[in-house]
S.K.: 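Take a look at the following structure, please.
Proteins come first, then strands; the chains are lettered A, B, ... in the order of their sequence lines, and each starts at number 1. The structure displayed is predicted, hence computed values, not measured ones.
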Amino acid sequence: MYNPYSNAGDAHQVNGHHAQQQQQQQQSQQQPFQQVPTHNPQFQAGGNPQLNVPFNNVFSDPRATMGLQFSQSAINAGQQYMQNNFSTIMHGQNIKTYFKVSNSYVWHKLYLILLPYRNKTWARVYRTSTDQNNNSIDVFAPPLEDVNAPDLYIPVMGYVTYILLWAIFSGIKGSFHPELLGYTATRILALGVLDVLFLKIALYTLSVESKFWDVVAYSGYKFVSVLVIMLFKNIFQGSKVVYYLFSVGVLFSLGFFLMRSLRYVLLPSGGNSVVSHGQKKMRTNFLFLYSFPIQLFLAWLMI
Amino acid sequence: MFGLGTLFYSCLFVVNAIAVLSEDRFLNRIGWGSSGAVATGFEFQQPGDTNVKSRLVNLISATRTLLRIPLIAINMVVIVYELVLG
């Protein structure tokens, strides 16, 4: 890598046409006009202002420095946008309540997802609390106190565990490479986004009030079933019939769990419901459609 | 099977398709115009937004008015990306 300063110095010492042509060929990307060697020779004809700091020898190509500045301004703009809009997405709802779980809650919930047939009540518990104006309002209890409350801990853990298990099993089969982790992460993220988008649009169309993180939580519970099926498939490599029966059983349990849980979201049992009979029928149909075929399809894509 | 890129492209295509629907040539013809569904056919059902069809119509017209201008920018970025980087 040549030193631009020394060439510019040579141009003034030799002062011959031959040398100038030679050093102009060498500095084919540097300035065409004669500048003093103390001046920063990394100017193009466009006159891009440079930082006169000692490390500007690294980018002898002015296009690279322009790229660096452009990317810096883009990053700044992105950070600005995130700071402006972060509060509307994240802090609008208090997502910390979704992570207030306990060990017994997690065990009970996992048991419910896999075998939801012995649960007695599915309604969420109300809890009176005071909001900002010191009025006592009814809010839903956090997952700590109520097994039927949706939480975000199990979906997040399920997502990470799915990626790790996928990597382990593909390593056992001998087809692991490190990009597989990223591929799996983005693939499952795309499927999750699709699921949440579909559910959110459908709930809006049916004019059901729903919170965004609730929808994310309910859609993330299928990771548990998918993980169990994947474990069964890879550990007990028995006959295909047993595997199909087992997976159908687990996915039926998932559908049952979702139907029961979402029933109180879609069909409120209070006295102030404004849905008509036709609406009720449509919502019930959608509930069934979502819980069984769509979850089956998405889970089958993930196995 | 498919990742975030495919999902982003397919969402972009669907939103583009919704955005180019012509208001007066197509949507009003099939009764999905943003002005038509509100005024007509409400004798038997309660007024307001609780009808599925009216909510869908509202959703379509809202996405069109909101996303027309950002869609131009996103489409330009994607076109330049596809041309330059294949």
S.K.: Within a radius of less than 6.0 Å around OH of A/Y153, do more than 12 heavy atoms belonging to other residues, nucleotides or ligands occur?
M.R.: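 Not more than 12 within 6.0 Å, no.
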S.K.: Report the distance from atom CG of B/L4 to atom OG1 of A/T186, rounding to the nearest 0.5 Å.
M.R.: 5.5 Å
S.K.: Atom OH of residue position B/Y9 - does it have more than 12 heavy atoms of other residues, nucleotides or ligands inside 6.0 Å?
M.R.: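 Yes, the 6.0 Å shell around OH holds more than 12 heavy atoms from other groups.
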S.K.: Between CG of A/L191 and CG of B/L7, what distance do you get to the nearest 0.5 Å?
M.R.: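 One gets 8.5 Å once the value is rounded to the nearest 0.5 Å.
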S.K.: Measure A/I188 against the heavy atoms of chain B and call it side chain, backbone, both or neither at under 4.5 Å.
M.R.: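 No part of it gets close to chain B.
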S.K.: Does a sphere of radius 6.0 Å around CD1 in A/I235 hold more than 12 heavy atoms from other residues, nucleotides or ligands, not counting ones at 6.0 Å or beyond?
M.R.: yes
S.K.: Less than 4.5 Å apart, any side-chain heavy atom of A/L197 and any of B/C11?
M.R.: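 Yes; the side chains approach each other to less than 4.5 Å.
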S.K.: Decide yes or no for B/L56 and A/Y204: does some side-chain heavy atom of the first lie under 4.5 Å from some side-chain heavy atom of the second?
M.R.: no
